[in-house]
Amino acid sequence: MTAVDAQVRTETLQLGKAIGAALHDALEADDKVFLMGEDIGQLGGVFRVTDGLQATFGPQRVIDSPLAESAIIGTAVGMAYRGYRPVVEIQFDGFIYPGFDQIVAQVAKLHYRTKGRVRMPMVIRVPYGGDIGSVEHHSESPESYFAHTAGLRVVTAATPQEAYSTLRAAIASDDPVLFFEPKSRYWSKGEVDRSIVRDLDAASILVPGRDVTLATYGPVVQTALEAAEAAADEGIEIEVIDLRSISPLDVDTVVASVERTGRLVVAHEAPKEASVSSELVASVAERAFASMQAAPERVTAYDTPYPPSAFEESYLPSVDRILDAVDRTLGRRHSRSTEPAAQGGAR
Amino acid sequence: MSLIEDRSLTAPAPNPALAAGLDEPLTVLHPDGSRHASELLDAHLGDVDEHALTDLYVDLSILRRIDAEAFALTRQGELLLWPPSQGQEAAQIGSGRALRDTDFVFGSYREHGLAYLRGVDQGEAMRVWKGVQQSGWDPMEHHLATPQIIIGAQSLHATGYAMASRLDGSDDVAVAYFGDGATSEGDVNEAMVFASAFQAPVIFVCQNNQYAISEPVAVQSGFPLALRPTGFGIPSLRVDGNDVLAVLAATRIAVERARSGGGPTFIEAMTYRMGPHTSTDDPKRYRSEDEVAAWREKDPIVRLERHLEALGAPIDRIREEARIRCDAVAKDLRAAVTAVSVPDHRALFDHVYTTPTARLERQRAEHDAFVASVVPEEHA
Ligand SMILES: Cc1ncc(C[n+]2csc(CCOP(=O)(O)OP(=O)(O)O)c2C)c(N)n1
């Protein structure tokens, strides 16, 4: 590709708009693709991600559905039986649960149950994560529930380019994909090249570094990059990995990194117990234990329900909490090895 | 009346004979303030004299003022979010006034009128919308569940509460409030299955405000919503939701029925949300000015004001009294919201379990240690 070509293909977009562009291009490329969800048509979605799509493609392909999540997913299953490629929207993370049964009991298992005769090329888009100052049920990170279920792919994206490329790949996939959109980053801008399609399975190393591996995904990627920059000022090199795919996890990339750095920190917005970090830390320990020079650290939300927004700052992984964990892996702090409450002011 | 007293399990479903007001919503108070006879409703309005009408007028006015004040507070950054209730005052006050204190109300997020009627302190009510607490009031004290954001979920809770009340031999009833959009959810339909199967003393109050965010009610249903419950064997009343008297009477009918062992009733209150869905919504994207203007003509407060005037009530004095009460409520609300402070960060870990777990206590301690280590540095 020449430089001129690159200029023509690349545009600056907000992450939410990049998702809209991917939906537009997918609808244009394949008339079996259709969108369905609450308020996605005339309103263009509560985040305006689908803005203009119904006007362009008509109400048959961009469908404002009744207010019923189980039906949105369950009827999409039926449409997929007939060769359609549904891309459905769940308005907010906390509203996926009425559709949970259809996702884990039906969507995930149909290919297996029918020995491959029925495909579920369905994408379930879910704006997720916190830090938007909203009321309850609007800020959750439910990805682990789905990662725990075989037959589903669970992916997310951290930049406009990743969002575009990931969604195109998800729609092209014949497996069902849950696409978790980091809603707090919807308005962040970046370059988007519409010719780039990504591999749904692979993590990506965003910043190379020799001291500590920091694996994360979704909204926390930006926080991790800021932490890496701050650490670099102190001469600490953090290797930042964007996992991109939550299921399957690209353990290989993380293992190879930990074999170089000897240290692992995993960060995400979801609570800690039985989470993506639980899985990643266990998998890496199984395979790279000999290379590890410190216990792995996890920077996650606490094991409480998502709190009222006044507590968000305490609850979500922050640059400081990530650096704190990085320091612990480097033996510069010991705030977890002794009685925690006695560690005030230990920095 | 007979319409809803008959409940034949052999009747075909849906059964228009189980619904009243399908052709024309039941109403007694017209937009011009004139009062019209209704065979069904009038029998339940015998005690409503000028004094009671004045009380209703004051209630409606206060609710409108609470709403306006809270909305303004979102614009000033004092509240995060607000789902306005303007236009729906009669549906809320009319139904709420038909209940007694020990009846239990399970609302959604827009029933500010119910919180007001149940004596919830405005500062407490606003904690949710200020983002400092998820349950702003004590549900057990007020017999009012905390706001429900998961669409339709409360309809099941109300049904279960009603089943329990019946098991206890009590005549307390439960009331579920939800919107037109909610009627599409499985939960609401399953609630009706249970309510019907167990003859639960529950009342479903659907405030059909014509929209679920941007979607007109036609997306949810091609026929009157009041017909749907009849398919579950539940009788229904479709009323003019901007007529406080019609809503009051319909709810009284449903309450009497439930209290006396007659089972569930569905009320569809036909109304309109005059403002946006919430303070973050832009209704201009999905509905016309003309439509809004047409509904403004049916305003529930103006209608009652005209009616009082027509009765020869001292309307200037009533208006003045309402204004004084509204000003006081607004002042209190503003002061209460400003006074709400952010609780200590450690409260984040409270009430996850009835007995704290070791795992969570450890996280609390780690969090404390972290805060202690970072904050002084920032202030240094
Ligand atoms: C299970 C669930 N799905 C989606 C939403 C998002 N949402 C919030 S309000 C709303 C519309 C509700 O409409 P309706 O039931 O008519 O009540 P109204 O807001 O008009 O009072 C939607 C879709 C939600 N809160 N819960």
Side-chain angles (χ1 to χ4, degrees), chain A residues 38-46 48 51 63-71 74 91-92 94-95 97-99 101 132-138 271-273 302-315 318 320-321 323-324 333 335-336 339-347, chain B residues 80-81 109 127-134 147 149-153 179-187 189 212-215 219-221 277 280-282 285-286 341-343 345-352 357 359-360 362-374 376-378:
Chain A
E38 295 156 11
D39 302 292
I40 69 167
Q42 197 173 354
L43 185 67
V46 291
R48 309 289 184 261
D51 201 9
I63 304 169
D64 265 331
S65 76
L67 211 179
E69 290 74 14
S70 180
Q91 201 162 71
F92 276 90
F95 312 147
Y97 308 113
D101 167 60
I132 59 160
S134 195
V135 290
E136 59 180 340
H137 310 298
H138 288 74
K272 186 182 262 184
E273 190 163 10
Y302 297 108
D303 292 326
T304 75
Y306 197 92
S309 62
F311 296 95
E312 273 180 323
E313 221 183 292
S314 290
Y315 185 73
S318 60
D320 277 340
R321 276 179 65 203
L323 290 175
D324 194 47
R333 276 168 70 86
S335 47
R336 255 176 216 150
E339 214 29 62
Q343 289 298 308
R347 194 165 207 180
Chain B
L80 298 175
L81 187 77
Y109 40 80
R127 298 179 82 82
V128 168
W129 308 109
K130 191 152 174 162
V132 303
Q133 215 172 292
Q134 281 162 348
I149 287 174
I150 301 299
I151 300 298
D180 42 293
T183 61
S184 294
E185 289 282 6
D187 278 1
N189 290 277
I213 308 188
S214 72
E215 298 184 346
V219 173
Q220 319 295 335
S221 183
H277 170 68
T280 64
D281 172 44
D282 174 13
R285 280 185 163 246
Y286 54 83
S341 59
V342 176
H345 64 89
R346 266 167 297 187
L348 171 57
F349 298 91
D350 291 346
H351 307 299
V352 182
T357 64
R359 181 181 175 94
L360 218 48
R362 186 174 174 81
Q363 289 189 5
R364 192 202 299 263
E366 282 173 7
H367 178 67
D368 275 357
F370 172 73
V371 170
S373 73
V374 174
E377 206 174 62
E378 278 178 357

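Only a predicted model underlies this, so the values are computations on that prediction, with no experimental measurement involved. Convention: sequence-line order gives letters A, B, ...; per-chain numbering from 1. The analysis underlying the following values was restricted to heavy atoms, covering all of them including side chains, and did not include hydrogens, waters or symmetry mates.
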4.5 Å side-chain heavy-atom contact, [X] and [Y]:
X: B/F370; Y: A/D320; result: yes
X: A/D39; Y: B/Y286; result: no
X: A/D303; Y: B/V352; result: no
X: A/S309; Y: B/L80; result: yes

With a 4.5 angstrom heavy-atom cut-off, could you sort out which part of [X] is near chain A: side chain, backbone, both or neither?
X: B/Q133; result: backbone
X: B/P343; result: both
X: B/A182; result: backbone
X: B/R359; result: side chain
X: B/I213; result: both
X: B/L348; result: both

Please classify the contact of A/T304 with chain B as side chain, backbone, both or neither, using a heavy-atom distance under 4.5 Å.
both
Chain B heavy atoms under 4.5 Å from A/E312: which part of the residue, side chain, backbone, both or neither?
neither
Do you know the tightest heavy-atom contact between [X] and [Y]?
X: B/H345; Y: A/S314; answer: CB-OG, 3.7 Å
X: A/A68; Y: B/S184; answer: CB-O, 3.4 Å
X: A/L67; Y: B/G181; answer: CB-O, 3.5 Å
X: B/P147; Y: A/E136; answer: O-OE2, 4.0 Å
X: A/P307; Y: B/Q134; answer: C-NE2, 3.8 Å

Apply salt bridge (charged side-chain N to carboxylate O under 4.0 Å, His left out) to B/R285 and list each qualifying residue two or more places apart in sequence or on a separate chain.
A/D51
Report the distance from atom CD of B/E185 to atom OG of A/S70, rounding to the nearest 0.5 Å.
8.5 Å
I'd like to know which of A/E273, A/E38, A/E69 tops the heavy-atom pair count under 4.5 Å against chain B.
A/E273
I need the residue from B/L81, B/D180, B/I150, B/V342 with the largest number of non-hydrogen atom pairs under 4.5 Å to chain A.
B/I150
Centroid-centroid distance, B/H367 to A/Y302, less than 6.0 Å:
yes
Set out, in order, the CA-CA distance, both residues' side-chain angles and the distance that settles side-chain contact (heavy atoms from CB on, under 4.5 Å) for A/F311 and B/V132, then state yes or no.
CA-CA 8 Å; A/F311 296 95; B/V132 303; 5.6 Å; no
